[in-house]
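Being a predicted model, the structure only gives us computed values, none of them experimental.
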Amino acid sequence: IQRTKPEMLSPLMMAYELSNGNVKTISSLNNYIKESTSIWKKAFYDGNPEIPSVVNRAFFANVYNSALSAFSTPIKAGISGSHLLIEKPLRHFAGALFNGDLRTARRAMHQYSSIIDSMRRASKYASEVFRKSAVDPTVIAVRDDVGLRNQGQLDVLRSYADAAASMNNYGPQVLMEQIDAMNDLANHPVLRFGTRSMQAMDGFVQSMVADFEAKGRAFDKITKGGTLDFTPEKADDYFKEAHSAMFNEKGIITDKAVLKAAGEISLNLDNPANDALSSLITRMPILKPFLLFTKTPLNELALTASYNPMGLFVKDLNQFRHSFDEMEAEKVITLLKQRGVEVTPTNARAKYNEIRADLKGRKAVGTIATASAVALFMDDRLHGNGHYNRQVQKTRRESDWKPRSIKGLDGKWYSYDGLGPITNYLALVADIMDNFDSLDGNSPGEMLKKISFIFAASFTDKTYMAGIEPFL
């Protein structure tokens with residue numbers, strides 16, 4: 001190559017390194033460039049997803065910016081995250097008291113103290129994330145496949161375009177100018193306002209959880225894992241020590257336990273179901289317009305399931321159903337490590353009991369929400385998504401019937417949408433009671449219609465899942 005086409009040596013070496021040695025000939029380099037710049041070939045079914053199309057990725061990056069451009073989008077995300085943050089200490093206390101674990105309740109009281117200071121630090125961190133994201137789009141993880149993560153692939157294409165231009169072939173350079181223009185548009189700070197705002201909201205949640213976690217670690221250090229009484233003299237010093245260790249040199253939170261707990265609140269965790277669905281979409285890009293967002297809805301479904309009043313089909317709750325003393329040490333360590341916890345002799349019991357109390361608290365909240373929904377609906381103070389019969393629903397709308405709303409003490413209806421799992425349970429209970437309260441129309445066909453409507457309305461009537469509603 002050095003003798004025959006020396007201009008191509010540089011892009012070949014770059015592609016060789018990026019592909020882990022798979023691109024090592026001019027022929028394989030040409031195929032790499034062809035796959036990287038394909039459009040229609042990779043728009044429906046991608047037979048070689050290991051080499052994504054930079055054109056299609058740039059296109060969808062702009063689509064995501066457009067989908068998240070509404071000013072209300074980060075506000076809704078903030079409301080949902082704030083609700084779950086407020087609910088977290090309530091769940092923690094409720095679960096600890098339900099288990100009769102006063103030691104965990106005392107630890108929780110220290111964790112959630114000085115909430116105003118925690119909010120002040122979280123607001124500052126969120127503003128820093130928002131500012132830094134203007135320059136670095138991946139300053140913290142973005143939700144779903146919103147960002148562009150193919151810089152190495154673009155570098156190879158630019159090098160190839162420059163090499164081709166030196167041989168009087170300017171076609172690749174013209175194409176790269178168009179691709180760069182699309183990427184510049186997708187990475188523009190103003191056009192990424194929605195994405196950056198979501199990152200800032202995630203940063204706020206991460207900072208709040210970091211405060212809770214650091215205070216818990218300080219409590220464990222002082223009490224030697226709960227064996228000694230808590231003394232506040234060194235609590236602040238231990239808190240600062242634990243808190244500062246959660247940040248990297250750039251001032252970004254990297255603690256695994258914090259990111260795991262915060263990701264659950266922000267509905268931003270990686271999980272096997274999301275990985276499987278993302279792999280399917282990567283292989284069949286035709287599905288992407290219908291499933292733009294996969295991580296958020298799957299996380300919300302998993303979080304909603306953990307509030308199940310019956311405690312059925314909830315893997316985490318079943319794993320933590322036994323008390324710490326009834327568990328094998330190896331099993332406890334495995335469970336805690338799966339949640340990013342760095343296990344030590346002083347924190348194993350406390351962290352296990354904290355997580356167990358939180359899960360039991362979710363079950364208690366789900367039970368209260370379900371019972372309250374039944375009582376409110378029977379008193380005509382709760383609306384779900386509506387009735388499966390279109391004519392009935394049309395008549396309701398004409399009479400100013402409001403979906404997903406609750407009647408206040410003043411007689412006015414207020415929306416309860418956007419409150420996370422509680423919203424789903426209230427709407428689900430209301431839909432079930434609304435659609436199954438009649439004696440007629442209970443043939444198998446009518447029953448299937450009702451069930452299909454309830455499922456579709458409860459889990460797809462959201463911006464990030466609306467694309468699959470036509471299939472249901």
Mark yes or no for whether [X], through its side chain, and [Y], through its backbone, hold a donor-acceptor pair below 3.5 Å.
{"X": "Ser133", "Y": "Phe130", "value": "yes"}
{"X": "Asn347", "Y": "Thr344", "value": "yes"}
{"X": "Arg196", "Y": "Pro189", "value": "yes"}
{"X": "Ser372", "Y": "Ala369", "value": "no"}
{"X": "Tyr64", "Y": "Ala186", "value": "no"}
{"X": "Arg362", "Y": "Arg91", "value": "no"}
{"X": "Ser114", "Y": "Asp117", "value": "no"}
{"X": "Ser415", "Y": "Asp417", "value": "yes"}
{"X": "Ser159", "Y": "Asp155", "value": "no"}
{"X": "Gln153", "Y": "Ile51", "value": "no"}

Determine, stepwise, if the pair Glu342 / Lys351 fulfils salt bridge (Lys or Arg N to Asp or Glu O under 4.0 Å). CA-CA 10 Å; Glu342 186 176 342; Lys351 283 302 299 181; over 6 Å; no

CA sep, side-chain torsions, deciding dist, call: Asp236, Lys240, salt bridge (Lys or Arg N to Asp or Glu O under 4.0 Å): CA-CA 6 Å; Asp236 192 51; Lys240 291 179 179 178; 3.4 Å; yes

Any salt bridge (Lys or Arg N to Asp or Glu O under 4.0 Å) involving residues 246-256? Give me the pairs, sequence neighbours left out, ordered by first then second residue. Arg217-Asp255

From [X] atom [atom1] to [Y] atom [atom2], the distance as rounded to the nearest 0.5 Å:
{"X": "Glu50", "Y": "Ser19", "atom1": "CD", "atom2": "OG", "answer": "11.5 Å"}
{"X": "Arg396", "Y": "Asp434", "atom1": "CZ", "atom2": "CG", "answer": "4.0 Å"}
{"X": "Thr223", "Y": "Phe230", "atom1": "OG1", "atom2": "CZ", "answer": "8.5 Å"}
{"X": "Phe219", "Y": "Arg103", "atom1": "CZ", "atom2": "CZ", "answer": "9.0 Å"}
{"X": "Arg339", "Y": "Phe320", "atom1": "CZ", "atom2": "CZ", "answer": "5.0 Å"}
{"X": "Lys407", "Y": "Asp410", "atom1": "NZ", "atom2": "CG", "answer": "10.0 Å"}

Please give me the minimum heavy-atom distance between [X] and [Y], naming the atom from each residue.
{"X": "Val55", "Y": "Met182", "value": "O-CE, 3.7 Å"}
{"X": "Tyr416", "Y": "Ile406", "value": "CD2-N, 3.9 Å"}
{"X": "Ala214", "Y": "Met246", "value": "N-CE, 3.5 Å"}
{"X": "Leu84", "Y": "Ile265", "value": "CD1-O, 3.3 Å"}
{"X": "Asn187", "Y": "Pro137", "value": "OD1-CG, 4.0 Å"}
{"X": "Gly386", "Y": "Gln393", "value": "CA-OE1, 3.3 Å"}

Arg57 vs Asn183, side-chain contact (heavy atoms from CB on, under 4.5 Å): CA-CA, chis, key distance, verdict: CA-CA 9 Å; Arg57 287 184 69 91; Asn183 286 330; over 6 Å; no

Determine whether [X] and [Y] make a side-chain contact, defined as any pair of heavy atoms from C-beta on separated by less than 4.5 Å.
{"X": "Leu426", "Y": "Thr370", "value": "no"}
{"X": "Val209", "Y": "Ile253", "value": "no"}
{"X": "Phe193", "Y": "Ser69", "value": "no"}
{"X": "Ile432", "Y": "Phe377", "value": "no"}
{"X": "Leu277", "Y": "Lys295", "value": "no"}
{"X": "Asn65", "Y": "Thr195", "value": "yes"}
{"X": "Asp184", "Y": "His188", "value": "no"}
{"X": "Glu241", "Y": "Asp237", "value": "no"}

Would Asp211 and Phe239 count as a side-chain contact (heavy atoms from CB on, under 4.5 Å) if you check the C-alpha gap in whole Å, the side-chain angles of each, and the deciding distance to 0.1 Å? CA-CA 8 Å; Asp211 267 35; Phe239 163 75; 4.0 Å; yes

Is the closest side-chain donor-acceptor distance between Thr294 and Asn274 under 3.5 Å? yes

If you count heavy atoms of other groups shown closer than 6.0 angstrom to CG of Asp229, is the number above 12?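 No, the 6.0 Å shell around CG holds no more than 12 heavy atoms from other groups.
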
In this structure, are over 12 heavy atoms from other groups packed under 6.0 Å from Gln338 atom CD? yes

Between His383 and Trp413, how do the two ring planes meet: parallel, tilted or perpendicular, split at 30° and 60°? parallel

The test is side-chain hydrogen bond (donor to acceptor under 3.5 Å, both in side chains); show your working for Asp431 and Asn385 and say whether it passes. CA-CA 6 Å; Asp431 286 344; Asn385 295 289; 2.7 Å; yes

Taking the six-membered ring of Phe60, is NZ or CZ of Lys288 closer than 6.0 Å to its centre and within 45° of its axis?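 Yes - Lys288 lies over the ring of Phe60, closer than 6.0 Å to its centre and within 45° of its axis.
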
Could you check Glu264 against Asn299 for side-chain contact (heavy atoms from CB on, under 4.5 Å), going step by step and ending with a plain yes or no? CA-CA 7 Å; Glu264 192 172 33; Asn299 272 276; over 6 Å; no

What side-chain donor-acceptor pairs closer than 3.5 Å can you find for residues 326-334, not counting sequence neighbours?
{"unit_1": "Glu326", "atom_1": "OE1", "unit_2": "Ser323", "atom_2": "N", "d": "3.2"}
{"unit_1": "Glu326", "atom_1": "OE1", "unit_2": "Ser323", "atom_2": "OG", "d": "3.3"}
{"unit_1": "Thr334", "atom_1": "OG1", "unit_2": "Glu330", "atom_2": "O", "d": "2.9"}

Taking only residues two or more places apart in sequence, or in another chain, which ones meet Phe247 in a ring pair (Phe, Tyr, Trp, His ring centres under 6.0 Å)? Tyr125, His243

Run the numbers on Leu85 and Phe212 for side-chain contact (heavy atoms from CB on, under 4.5 Å), then give the verdict. CA-CA 11 Å; Leu85 274 175; Phe212 301 156; 4.2 Å; yes

Hey, mind stepping through Asp325 and Arg349 against salt bridge (Lys or Arg N to Asp or Glu O under 4.0 Å) and telling me if it holds? CA-CA 9 Å; Asp325 293 326; Arg349 176 185 292 271; 2.9 Å; yes

Check the pair Asp46 / Lys42 against salt bridge (Lys or Arg N to Asp or Glu O under 4.0 Å), numbers first and verdict last. CA-CA 5 Å; Asp46 191 351; Lys42 288 179 174 284; 2.7 Å; yes

Check step by step if side-chain hydrogen bond (donor to acceptor under 3.5 Å, both in side chains) holds for Gln206 and Asp202. CA-CA 6 Å; Gln206 289 175 10; Asp202 290 349; 5.8 Å; no

